[in-house]
Amino acid sequence: MDRKLQSDPLAASSAARLGLIAGRLCLDFANTASGRGGPKQLDHLRRYEDLAAWAVHAGAIERPAALELLRQAEAAPDAAAALLVRALALRELCHRLAMTLAAGGQPAPADLAGAAAAWRSALATATLAPAGARFDWRWPADDLGAGWLLGPLALDLIALLIGPDLARLKRCPGADCGWVFLDRSRNGRRRWCEMRICGNRAKARRHHERRLRP
Ligand SMILES: [Zn+2]
């Protein structure tokens, strides 16, 4: 194994340390950018390696498969960059749809068409294979793992849009947060993406404002 892989590019990515708090794969994927709209906006998917690292972190692909993809990407950097562009387009689509729907709005027809197109493209290369006592979708390893990386996300987005979970969709009200999630709490009162981040920040701001008052 070469030295670059020994230093573990998968663990080095900030995408591999993101909170998986959304309760659905496609929403956690939408949350791979943080601080959206604010001065500290940060995109955790800056390179193809980040996409592979996040897919392992989120349980979408196995680690040995991701390492194999990194080897392929090293030999075809332009194709890897192009796949990252496709992934980011799918991520922004997931995020736009989630933000609109969480606010009770109607998605743009072009976004619904985009979701359907991503689903068709994912299924075009998929086969069904046994997975323990049930079956699951499988994609070929070619095309830098385009099927592995994007397929489960596109399918999950459609499953969210046509399923009962949609009623639980929320957006975090934290300032410049932009994360989305499903509220699976029994009383339906989950507010924050992560209490220790946006919740505590809001609490600290309220405390600060109280102290400033005469
Ligand atoms: Zn938040």
Side-chain angles (χ1 to χ4, degrees), residues 10-47 49-60 84 87-108 111-112 114-115 118 149-150 152-154 156-161 163-213:
L10 295 174
S13 171
S14 69
R17 292 187 293 279
L18 283 170
L20 300 171
I21 56 85
R24 278 203 87 114
L25 186 68
C26 67
L27 298 178
D28 279 322
F29 186 55
N31 294 344
T32 55
S34 48
R36 283 178 183 269
K40 291 184 182 160
Q41 178 157 339
L42 189 58
D43 195 329
H44 298 275
L45 303 182
R46 292 181 297 273
R47 302 161 307 150
E49 287 88 331
D50 297 321
L51 180 62
W54 183 83
V56 173
H57 176 55
L84 178 64
L88 291 177
L90 180 59
R91 182 189 69 184
E92 293 311 297
L93 176 64
C94 290
H95 189 255
R96 266 198 315 279
L97 283 167
M99 290 294 272
T100 302
L101 291 164
Q106 276 299 323
D111 282 348
L112 291 176
L149 294 168
L150 305 187
L153 294 163
D156 191 55
L157 174 61
I158 293 298
L160 171 65
L161 292 176
D165 271 357
L166 199 57
R168 299 176 179 274
L169 182 61
K170 287 188 176 178
R171 51 174 287 185
C172 176
D176 301 330
C177 174
W179 276 24
V180 286
F181 59 87
L182 295 181
D183 180 358
R184 295 194 192 275
S185 67
R186 205 173 288 177
N187 59 11
R189 291 179 64 183
R190 175 177 170 188
R191 284 195 75 196
W192 309 105
C193 61
E194 290 177 281
M195 188 60 205
R196 68 182 175 85
I197 298 182
C198 285
N200 286 343
R201 216 176 275 159
K203 225 189 280 176
R205 194 173 304 124
R206 280 197 303 274
H207 181 70
H208 181 69
E209 281 162 6
R210 263 199 302 272
R211 285 184 49 187
L212 288 181
R213 242 171 254 155

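Each ligand, and each atom within it, is numbered from 1 in the order the structure gives.
Around the Zn ion (ligand 1), the protein contributes the following N, O or S atoms under 2.8 Å, ordered by chain and number: C172 SG, C177 SG, C193 SG, C198 SG.
Taking CZ of R171 as the reference point, atom CZ of F181 lies at 10.5 Å (rounded to 0.5 Å).
Salt bridge status for D183 with R191: absent, with no side-chain N to carboxylate O gap under 4.0 Å. In summary, D165 and R24 engage in a salt bridge, as defined by a charged side-chain N under 4.0 Å from a carboxylate O.
Between the side chains of S14 and H44, at least one donor N or O sits under 3.5 Å from an acceptor N or O. Side-chain contact of H95 with R36: a donor-acceptor pair under 3.5 Å is present, judged by distance alone.
When all heavy atoms are compared, the tightest approach of N31 to I21 is ND2-CD1, 4.0 Å.
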